[in-house]
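To keep things clear, I will list the structure first and then write my remarks on it.
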There are 2 protein chains.
Amino acid sequence: MPEALPAAPADLPQWLARVGMRATPPRLAIWQALHDAKDEPDAVELMVLAQQVEPRTSLGTVYRFLRELEQHGLASSRPVAHQRSRWRLGASTESSARNEAALAAVARLAAAFGYRLVPAA
Amino acid sequence: MPEALPAAPADLPQWLARVGMRATPPRLAIWQALHDAKDEPDAVELMVLAQQVEPRTSLGTVYRFLRELEQHGLASSRPVAHQRSRWRLGASTESSARNEAALAAVARLAAAFGYRLVPAA
DNA sequence: CTTACTGCAAATCATTTGCACATTT
DNA sequence: AAATGTGCAAATGATTTGCAGTAAG
């Protein structure tokens with residue numbers, strides 16, 4: 001069972017600390033942008049939004065942070081053909097994404113036992 | 001409403017002709033591979049399968065043909081994060097057999113640790 | 001101080017496209 | 001012959017990663 005989701009941007013720092021991550025300006029800015037977004041922004045849109053708060057935010061950091069959030073079940077991506085993936089907070093409502101999150105959890109679990117998952121065939 | 005879907009590989013040539021496309025060996029091979037596939041192959045898998053019938057089939061042609069099929073509503077792709085898109089004939093259906101199998105496996109794994117799966121939200 | 005984070009640029013990976021040649025009608 | 005299709009390789013676009021410098025705890 002994953003950790004509880006921060007209810008507001010203000011809770012992020014403690015949440016990050018709990019999972020061994022540091023609270024930095026770019027991360028707070030990215031989180032806020034994602035938190036405030038009404039739709040599902042893509043990485044570039046998030047970078048632009050975050051830069052309005054923390055101008056030094058770079059695209060690489062956006063992608064890195066989003067991936068980390070996803071691995072902790074805090075955010076999820078929706079891949080779109082021929083376009084950048086779109087991101088949202090929390091788990092995806094879609095079954096395939098739910099499966100991916102579940103698989104990721106199993107992968108993490110397996111890792112705790114010294115194993116990793118590889119494609120069957 | 002798009003044109004009717006060919007029931008079998010043999011119907012492809014006339015279908016292609018109807019929409020102004022030519023029936024060629026690579027296309028027939030790709031179609032057959034997609035038609036025979038039980039799961040949702042990606043472009044590379046389709047290329048390998050098609051090459052067993054028509055060795056000259058190239059990846060570029062696979063992608064081109066798949067895109068054309070999709071534009072005519074004959075096939076559809078399911079984009080997957082960090083992986084090649086998966087293709088199938090006809091319109092997309094949400095839950096695939098593979099997803100269900102994955103969930104079942106997760107359920108079994110969870111059960112082994114004394115848990116059971118419940119809907120997220 | 002030690003370890004984690006960042007920007008930047010180069011590297012990857014899937015997919016597309018330009019082009020000269022081959023094939024279908 | 002005219003119009004399409006094809007292979008190949010180079011181009012693109014999204015995402016990742018290596019690295020040397022910065023900052024958080």
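Note that the structure is a prediction, hence the values are computed from the model and not measured. Every chain is numbered from 1 and lettered A, B, ... according to where its sequence line falls, protein lines coming before strand lines.
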Would you say a side-chain N or O of B/S85 is under 4.0 Å from OP1 or OP2 of C/dT15?
yes

Closest nucleotide of DNA chain D for B/H82 versus for B/T61: which of these residues is on the 5' side?
B/T61

Here the distance between atom P of D/dT16 and atom CZ of A/R84, to the nearest Å, is 13 Å

Where the side chain of A/R64 is defined as all heavy atoms beyond and including C-beta, which of C/dA14, C/dC5, D/dG18 is the nearest nucleotide?
D/dG18

Just N and O in the side chain of B/R56: are any of them under 4.0 Å from OP1 or OP2 of C/dT23?
yes

Ion pair check, A/R86 and A/E45, cut-off under 4.0 Å:
yes

Across the strands shown, which category fits A/R22 at heavy-atom distances under 4.0 angstrom: base, sugar-phosphate, nothing?
base

Which part of the nucleic acid, if any, lies within reach of A/T24 when heavy atoms closer than 4.0 Å are counted: base, sugar-phosphate only, or nothing?
sugar-phosphate

Would you mind reading off the distance between A/E68 atom CD and D/dT17 atom P, rounded to a whole angstrom?
12 Å

What does B/R27 touch in the nucleic acid at a heavy-atom separation under 4.0 angstrom: a base, only the sugar-phosphate, or nothing?
sugar-phosphate

Candidates C/dT24, D/dA24, D/dC19 - which lies nearest the side chain of B/P25
C/dT24

Could you check how far CD of A/Q83 sits from P of D/dA14, rounded to whole Å?
9 Å

For the side chain of A/R27 and the backbone of A/R22, is there at least one donor-acceptor N/O pair under 3.5 Å apart?
yes

Can you give me the closest heavy-atom contact between A/P79 and A/S85, atom names plus distance?
CA-OG, 3.5 Å

Report the distance from atom CE of B/M47 to atom P of D/dT6, rounded to the nearest whole Å.
13 Å

Considering all heavy atoms, the nearest B/T57-B/Q51 contact:
O-NE2, 2.8 Å

